[in-house]
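Hydrogens, waters and symmetry mates play no part in the numbers below; they use all other heavy atoms, side chains included. Just so it is clear: chains get the letters A, B, ... in the order the sequence lines come, proteins before strands, and each one is counted from 1.
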Amino acid sequence: MYRTHNCNQLRKTDIGYEVKLSGWVAVRRDHGGVIFIDLRDREGLTQVVFRPEENAEVAKQSHSLRPEDVIQVTGKVAPRLPGTENPKLATGEIEVIPNSLTILNRAENLPFQLDTELSNEDLELTYRYYDLRRPRLSRNLQIRHRVTQATREYLDSQGFLEIETPILSKSTPEGARDFLVPSRLIPGKFYALPQAPQQYKQLLMVAGMEKYFQIAKAFRDEDLRADRQPEFTQIDIEASFVTADDIYTLTEGMLAAIFKAARGVEIPKPFPRLTYREAVSTFGSDKPDRRFGMQLVDLGDVFAASEFKVFRGALDSGGVVKAINAKNFAEITIGQADELTAIAKTFGAKGLAFIKIEDGEWKSPIVKFFSETEKEALRSKLQIEQGDLVLFAADKWEIACEVLGRIRLRIAEIQKLTAGSERLDFLWVTDFPLMQWSAEENKWNAVHHPFTRPKMEDLPLLDEKKFSEMRADAYDVVLNGVEIGGGSIRIHEPELQAKMFDALGISAEEQQTKFGHLLRAFRLGAPPHGGIALGLDRLVMLICGEQSIRDVMAFPKNNRGQELMTQSPAPVDPKQLRELGIKLGSDNS
RNA sequence: GGAGCCUUAGCUCAAUUGGUUAGAGCGCCGCCCUGUCACGGCGGAGGUUGCGGGUUCGAGCCCCGUAGGCUCCGCCA
């Protein structure tokens, strides 16, 4: 037996007992005579004290210990000397006085120290098995387990079945770039790794499973971000005979169970709802962060007859004039103003107008174009006060909203408006547009995916080909400005699905080769159904208070999709390629 | 594909306007130290300043190129 207790277990009530502990040497404090070791395991730290007068042989042996050596000690639990208790440690009232020490394994010189943060993430990822010993990362993985465990328990309690779907799957024309896997048995053909179990879970509804879930791996071969990895995990859910409201209730209950289990907090239910239109109009984002104000204010009525041509021109051509009031930001630096202007231009604005309210004056090159009436209307609509900074966007609705939305977030970041906030702001964003025109591809694309059901009242618009006006029966769940999940009620009628494919420019032939199975399935009695998928990595990231999903994954990949510890992706033996009938181009050998 | 920032000792960072032999803390090695908890003290080893080129009497610092990393845009139904 290696141990009787873990390193976060012993308390005053254990004093006098003989115990065995195993773990890693976290810190060594060698006083020449007495030696202190902080012994670490997954659960915590326990101080071990070697004293020459207690056991000269063991104390002598302890001098050779180095950080990260793996040891086992057997000894008596003793109270710490009065005045030397450590309130920062759960085990700080006691220490262990060993009568034997076994060195289970030595650690060589370490590539970096665990007690300081690194800036070189490559090094951490290369030695990931070592880096994960950091209490913070270890805790993150433990929280992740709590989250998946709570998810399973909750969904099981609601009658959902966990069903696995294939990883070796089929490439689909819509959506992200697929990861491909060549088939050896059928040369020249390829599997694709699933971007989501979307079609399989719908087919499970046709199969009559009624309530399905899966902690599912998904794969997308796109460029990476702090919150995006090529392989990631979804809490994937689908149910038959449900409306959007049923999915909301289920998801709210599940998130409540998760936050109760992982953070010990109650979250208020039901979550507020905003339509896509409201969210974008008010916050400039379809995943609004409502933990601070600075809302977008529409100024169309104020400037309808304005002499300021930039604003009038935008309105006359069917656009909007909107503004946000950044409270107490009049002392914006030139560098910050340049940065905000650059953001505005990145997202399509021609420029960024702003007014500083300083020394009782409105300072801006554009103020001279405003009438007194317009100024008074601005003052009351935006509640302008001394020290404020008002920023304007005059453009098409989409651009004006997005520009101000992005600037709003950046200013909140500069002003640290959410720093240290414990608030959990959940909401539903509903009524997304069904399709979006892609100028690049010269076709309509599905905003969510091609299986999403149009809102019942918008169905006639499909035949009228008024695609831009159609709303989807789709919804996102948002937490603190991060989209943590999304879903929809699906199409279950073969005719409607075929019409939808037509609208998306998928030819009749392609519908048969790529989606024939789905259309056939819908003809054999498909129940109405819908579901949702939550990004587990992002959710755990938020629960852990981390900035990157890499910090809540055991073995993440870097920005280029490399896993530095095992050095994947890697070349393969030519024999393997021959078996697959694959020849590399001359520039990739 | 594009933009920004970054790259100096094993790690985290510094190095004034371009100026002597590139420094500090931690880690490592040696010695000392019996109540610490980021223990402490003394000594030591450790550097192609990512790489290549240029400007200059002189480059870690300026210029050009290149590689790599991170963040963002595009992309991600």
Open item on the list: Between B/rC76 and A/Arg228, counting only base atoms on the nucleotide and side-chain atoms on the residue, is there a donor-acceptor pair under 3.5 Å?
Closed with: yes
Task: Side chain A/Glu68, main chain A/Ala26, donor-acceptor under 3.5 Å - done: no
Open item on the list: Could you tell me how far B/rG44 sits from B/rC61 if I compare only their C1' atoms? Round to whole Å.
Closed with: 31 Å
- [ ] Using only heavy-atom distances, determine whether the side chains of A/Gln511 and A/Asp502 contain a donor-acceptor pair under 3.5 Å.
- [x] yes
- [ ] For A/Pro450, answer base if it contacts any base atom (sugar-phosphate contacts may also be present), sugar-phosphate if it contacts only those atoms, and nothing otherwise; contact means non-hydrogen atoms under 4.0 Å.
- [x] base
Task: Sugar-phosphate only, base, or nothing, as touched by A/Arg225 at under 4.0 Å among non-hydrogen atoms - done: base
Open item on the list: If the cut-off is 4.0 Å, is A/Asn86 near the phosphate of B/rC37, judged by side-chain N/O to OP1 or OP2?
Closed with: no
- [ ] Would you indicate what A/Asp115 reaches in the nucleic acid, counting non-hydrogen atoms under 4.0 angstrom: base, sugar-phosphate, or nothing?
- [x] nothing
Open item on the list: For A/Glu85, is there an ion pair with A/Lys12 - N to carboxylate O distance below 4.0 angstrom?
Closed with: no
- [ ] Compare the aromatic ring of A/His31 with the six-membered base ring of B/rC39 and state whether they stack according to the 5.5 Å and 30° rule.
- [x] yes
Open item on the list: Could you tell me how far B/rG68 sits from B/rG30 if I compare only their P atoms? Round to whole Å.
Closed with: 40 Å
Open item on the list: Once hydrogens and angles are ignored, does a donor-acceptor distance under 3.5 Å link the base of B/rC37 to the side chain of A/Arg80?
Closed with: yes
Task: Electrostatic pair A/Glu402-A/Arg406, nearest N-O below 4.0 angstrom - done: yes
Open item on the list: Does A/Glu53 contact B/rU34 through a side-chain donor or acceptor facing the base, at a distance under 3.5 Å?
Closed with: yes
TODO: Ignoring backbone atoms, establish whether A/Lys88 has a side-chain N or O less than 4.0 Å from OP1 or OP2 of B/rA38.
DONE: yes
TODO: Tell me what A/Glu117 touches on the nucleic acid: a base, only sugar-phosphate, or nothing, going by heavy atoms under 4.0 Å.
DONE: sugar-phosphate
TODO: Answer with base, sugar-phosphate or nothing: what part of the nucleic acid does A/Asp223 contact at a heavy-atom distance below 4.0 Å?
DONE: base
Open item on the list: Does atom CD (A/Glu440) have a neighbourhood of more than 12 heavy atoms from anything else shown, all under 6.0 Å?
Closed with: no
Open item on the list: With the criterion set at under 5.5 Å between ring centres and under 30 degrees between planes, would B/rC11 be stacked on A/Phe112?
Closed with: no
- [ ] May I ask you to say what A/Phe347 touches in the nucleic acid, namely base, sugar-phosphate or nothing, with a heavy-atom cut-off under 4.0 Å?
- [x] sugar-phosphate
- [ ] Using a heavy-atom cut-off of under 4.0 Å over every strand shown, decide if A/Leu81 touches base, sugar-phosphate, or nothing.
- [x] base
Task: Mate of B/rU17 where both pairing distances stay under 3.5 Å, Watson-Crick or G-U - done: none
Open item on the list: Once you apply a heavy-atom cut-off of 4.0 Å, does A/Ile35 come out as touching a base, just sugar-phosphate, or nothing?
Closed with: nothing
Open item on the list: Under 4.0 Å, counting only non-hydrogen atoms across every strand here, what does A/Arg550 touch: a base, just sugar-phosphate, or nothing?
Closed with: sugar-phosphate
